[in-house]
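Here is the structure we will look at, set down as structure tokens.
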Amino acid sequence: MTSTDTVLSLEGITKRFGKLTANDHLDLSLRRGEILALLGENGAGKTTLMNILFGHYVQDEGVVRVNGEMLPPGSPGAALKAGIGMVHQHFALAENLSGLDNIRLGTEGLFALGGKAAARKKVEQIIAESGLEVDLDRKVASLTVGEKQRVEILKALYRNVRVLILDEPTAVLTPQEAEGLFTVLRRLAANGLGVIFISHKLGEVLSVSTRILVLRGGRKAGELVTADADRRAIADLMVGKAVAEVKRTAATPAETLLEFSDVHLRRGSTRESLRNVGFALRAGEIVGLAGVSGNGQGGIAALISGLAVPDQGAVLLYGEPITRADPRALVAAGVARMPEDRQHDGVVGTMSVADNIAIEEVRSGAFSRMGLLDRKAMQARATSAIAAYDIRCPGPDAEARLLSGGNVQKLILARVLEREPRVILANQPTRGLDVGAQSEVHRRIIAARDRGAAVLVISEDLDELFALADRFLVVHAGEVSDAGPSDRLDRGAVGLLMAGQAA
Amino acid sequence: MDVLLDIFGSANFWAAAIRIATPLIFGVLGALICERAGVLNLGIEGIFVAGAMAGWLAVYLGAGLWGGVLVALATGATFGLLHAVLAVILGLSQHVSGIGITLLATSLSYFTYRTALPTVTSPPRIVPFQPVSIPGLSDLPFFGPALFQQTPLTFLALAFVALVAFVLYRTPLGLAIRAVGDNPASVEAQGLSVRGLRIGAVVAGSALMALGGAFLTMSAFDAFFFGMVNGRGWICIALVVFASWQPGKALLGALLFGAFDAFQIRLQAEIGQVVPGQVFLMLPYLLSIVALVLVARRADYPRALLQPWFKGQRH
């Protein structure tokens, strides 16, 4: 591909992190006016490749060429100068500065004076041309996520980039904001910009891209023109095998394991209040809790996790009321918790995979001898868990913060499911995960149910709830209503309950 | 009540407050620059001592007063560079590195002093900076003696407040310093050097801190004593928080502390027979703590303070 239109080419890029090869001899080329979607599961190497392209990482092998010129590795400054702009998944914005100051940052001589007015004029012109509306004088800290992203794109455009890379730009956007972003991207591409769009969401990739490159395990799995692409085929390319449809047989609910009885809970700093909440979780049944976030899910999760006790009423575990907020006692009694914010509340980032898998059980004797940690046992458990749950990481000693979201969730599954818990709280179990990881998590949850566990799945994703839940609860404004068996429900009915109207 | 009126009504009191505040202004500005870039510099106490000693010694050996100022600046910059190597380049704990610098700089200063002057028993003296008169202003009634009869270093400190504020808020350099203390990724993504900015800020900030020490030996007194810095560096660390990392408020904080201190000296003279002297010595520190509690709970820390930055690391 040596067409004169080629603005960017990556040749034979290889990058290793310890034993993990994140990119294995990857090639990629990009033409003007093209929107190339870089698609792949979590950990397929998409973000690593883009970080090499932008100079955040230094590749072990291979070269990056912009307009035929070789780009010196490891220098974001050189990448910027060559006309490459990147919008990071985690925004690279100084929140204490205004949008305009973030855009100007690094574009003027350090002692130059009076550049602000000229900068404002240029940015305003770009805003007018691109439609990226944003209040330039507000501090970034006070902007919405969508606005911050627009500032990021403006930062790149302000530097007259010829290639714009967006790393999972829609992960943080509402559907409306995402649609707005696509409109902008199409307009920019029409003006000759080359766009690389990283995603693992098939739908949006098909709607916005002109060409698709699929990565798997650090290698190129396939490349196709979007117009000829077929959803199913891409999904299979991403996962490397046909994605198994998760099958759920009819539930056979047995005795009640966990019961909320007329529970009231006052508002806390991170949760809304609960009023008059009553429901039961029975062995061998998955109950889905639907609701717009912030309607009381946090309180219910806190009560089941042992982080709170009701102000009135009772939460009964195996018929006994829980009287103390004592997470350890609950875990010992057989309650498994998959927290909503898995990176923050689910793992200790600076501790190893082995430590994180053992962390809930260090007192139980499984991983300790005479009060001292049994490193061997922890290591052995971690090694088997990594294999059994397909946790992609350099090894048991790798720090948990180095794992992608999907692999953190698999780590948590390995931690909580191995004990064969009787009650499982799965809070947003697949938020942000790709298709492959998603079906794996679903399969594990259903298997736990079939073994006789009582499961509560809290999710904002109705598709997920319909795939998993045998029965629906809907929470609205701190009150929970029983929506009945899932096979007698449809999305519309649940939606009405979520909005607080009787179905 | 009359006692208080007497104290606050005297030009002498306000002149003393400003004089006492001067080393703190240098120190708090220096700490502010470091912290704005995301680096806590607990070497400040030792850098004060080193600046006090090195500046004084240079003058004593014949370098002249302004020569002494330059020597103090260079001394501070050197210790700053050491802190930058440890805390920025190697990414070591900023607390540990800073305290290490304080211990090292303090003992090295005492050692140098003793080595240079092995025989003296009473501290030798130099001719320190004298108050300068500013034509017109210094002759004003009350305000003249209160505000405008200070030594050149005090005026220099005030000029630095304006300069630091200007650089931070009006230049692209200041923009980059504020950004690197909030989110280093934002700076790197714009092609600037996180390390370069942080090293520069720590070196410059440390040089300013040393001037705070030099003021003590070259302006407030005329000799170097062991223990003369006496916690002023630590006060600056607290004042930065009090000032919410803003130069203007830093000046205010330093002046407030100076006023407390000047006030306790005078109060001691008035009612010293009734209340033990130690209570008065404690007063400015106690009031600093109260002020800190009131202000700092809402403090808006630079988000990247204490966080080392390694290129190519996942974050």
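Lettering follows sequence order; numbering is per chain, from 1. Computed from a predicted model, the values in this text were never measured in an experiment.
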Taking side chain as everything from C-beta outward and backbone as N, CA, C, O, which of these in Phe166(B) sits under 4.5 Å from a heavy atom of chain A? Side chain, backbone, both or neither. side chain
Correct closest heavy-atom pair for His88(A) and Ala189(B) would be CE1-CB, 4.0 Å
Checked Val167(B), Asn183(B), Leu173(B), Asp182(B) vs chain A; the most non-hydrogen pairs under 4.5 Å come from Asp182(B)
Contact winner vs chain B - Glu108(A), Arg104(A), Lys155(A), heavy-atom pairs under 4.5 Å: Lys155(A)
Can you say whether Leu93(A) sits under 4.5 Å from chain B via the side chain, the backbone, both, or neither, judging by heavy atoms? backbone
If you count heavy atoms of other groups shown closer than 6.0 angstrom to CZ of Arg170(B), is the number above 12? no
Contact between Asn96(A) and Arg178(B) at the side-chain level, heavy atoms closer than 4.5 Å - yes or no? yes
Please look at Asp101(A) and chain B and tell me whether the side chain, the backbone, both or neither of the residue comes under 4.5 angstrom of a heavy atom of that chain. both
Sort Leu175(B) into side chain, backbone, both or neither according to what part of it lies under 4.5 angstrom from a heavy atom of chain A. both
CG (Leu110(A)) and CG (Leu197(B)) are apart, to the nearest 0.5 Å, by 6.5 Å
Specify the closest pair of heavy atoms between Ala94(A) and Ser186(B), including all atoms of both residues, with the distance to one decimal. N-CB, 3.5 Å
Under 4.5 Å between any side-chain heavy atoms of Thr171(B) and Leu113(A), yes or no? yes
Considering all heavy atoms, the nearest Leu105(A)-Ala179(B) contact: CD2-CB, 3.6 Å
So Arg159(A) and Gln190(B), side-chain contact (heavy atoms from CB on, under 4.5 Å) or not? Walk me through it. CA-CA 10 Å; Arg159(A) 288 172 174 265; Gln190(B) 291 286 63; 3.1 Å; yes
Picking from Gly191(B), Gly181(B), Ala304(B), Pro302(B), which has the most non-hydrogen pairs under 4.5 angstrom with chain A? Gly191(B)
Around atom NZ of Lys122(A), are there more than 12 heavy atoms from other residues, nucleotides or ligands closer than 6.0 Å? yes
Using non-hydrogen atoms and a 4.5 Å limit, figure out which bit of Val180(B) sits close to chain A: side chain, backbone, both or neither. neither
Could you have a look at Gly77(A), Gly74(A), Ala92(A), Gly109(A) and say which one has the most heavy-atom pairs with chain B under 4.5 angstrom? Ala92(A)
Can you say whether Ile84(A) sits under 4.5 Å from chain B via the side chain, the backbone, both, or neither, judging by heavy atoms? neither
